[in-house]
Amino acid sequence: MKYKELHRILKKGGCIQLPKQTAGHPTWYSPTTGMEFTTSNHGTKEVARGTLNSIRKMSGLDF
């Protein structure tokens with residue numbers, strides 16, 4: 001899965017991209033879990049499996 005696709009899924013799932021960034025990475029908020037997490041700005045690059053699993057858990061989405 002590419003980062004662009006991940007960001008689209010997060011938005012569709014109800015996660016909110018916050019206006020702040022952490023070390024140049026977008027910060028997201030999940031109303032489902034109440035957690036903030038970061039992703040990367042790498043657009044067309046593939047998301048590493050471990051990173052994807054971590055984002056999946058923090059977002060509370062099943063994708």
Side-chain angles (χ1 to χ4, degrees):
M1 173 182 300
K2 299 190 184 305
Y3 279 100
K4 280 185 173 182
E5 186 179 344
L6 173 62
H7 291 169
R8 189 170 40 248
I9 290 170
L10 290 172
K11 286 179 185 176
K12 196 172 186 178
C15 292
I16 302 161
Q17 187 173 357
L18 300 175
K20 66 179 182 176
Q21 291 194 359
T22 304
H25 294 83
T27 303
W28 292 79
Y29 173 75
S30 171
T32 306
T33 61
M35 296 178 72
E36 287 186 9
F37 56 95
T38 60
T39 61
S40 187
N41 286 328
H42 295 296
T44 58
K45 289 189 178 181
E46 290 288 323
V47 182
R49 179 179 286 166
T51 303
L52 188 60
N53 286 337
S54 179
I55 292 171
R56 182 180 291 139
K57 288 177 185 176
M58 288 185 280
S59 69
L61 301 175
D62 187 29
F63 48 87

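Met1 is listed as a side-chain neighbour of Ile9, based on a closest heavy-atom distance under 4.5 Å. The shortest side-chain heavy-atom distance between Arg49 and Leu52 does not fall under the 4.5 Å cut-off. Proximity of Lys45 to Lys2: side-chain heavy atoms (C-beta onward) are nowhere separated by under 4.5 Å.
Across all non-hydrogen atoms, the minimal contact from Pro31 to Cys15 is CD-CA, 4.2 Å. Between Tyr3 and His42 the shortest heavy-atom distance is CD1-CB, 3.7 Å. Taking all atoms of both residues into account, the shortest heavy-atom contact from Pro26 to Ser40 is CD-C, 4.1 Å.
By the criterion of side-chain heavy atoms lying less than 4.5 angstrom apart, applied directly or through intervening Ile, Leu, Val, Met, Phe, Trp or Tyr residues, Met35 is grouped together with Leu6 in one hydrophobic cluster. Leu18 and Leu61 fall into different hydrophobic clusters, where Ile, Leu, Val, Met, Phe, Trp and Tyr residues are linked whenever their side-chain heavy atoms come under 4.5 Å apart, directly or through other members. When the side chains of ILVMFWY residues are joined at heavy-atom separations under 4.5 Å, either directly or via intervening members, Met58 and Val47 end up in a single hydrophobic cluster. Both Phe37 and Phe63 sit in one connected hydrophobic cluster of ILVMFWY residues. Membership requires side-chain heavy atoms under 4.5 Å apart, directly or through other members.
Between the side chains of Trp28 and Ser59, not a single donor N or O lies within less than 3.5 Å of an accepting N or O.
Atom NZ of residue Lys20 and atom OG1 of residue Thr38 lie 10.5 Å apart, to the nearest 0.5 angstrom. Taking CD of Glu5 as the start and CG of Leu10 as the end, the distance is 11.0 Å to the nearest 0.5 Å. Interatomic distance, OG1 of Thr27 versus NE2 of His25, reported as 10.0 Å (0.5 Å rounding). Taking CG of Asn41 as the reference point, atom NZ of Lys4 lies at 11.5 Å (rounded to 0.5 Å).
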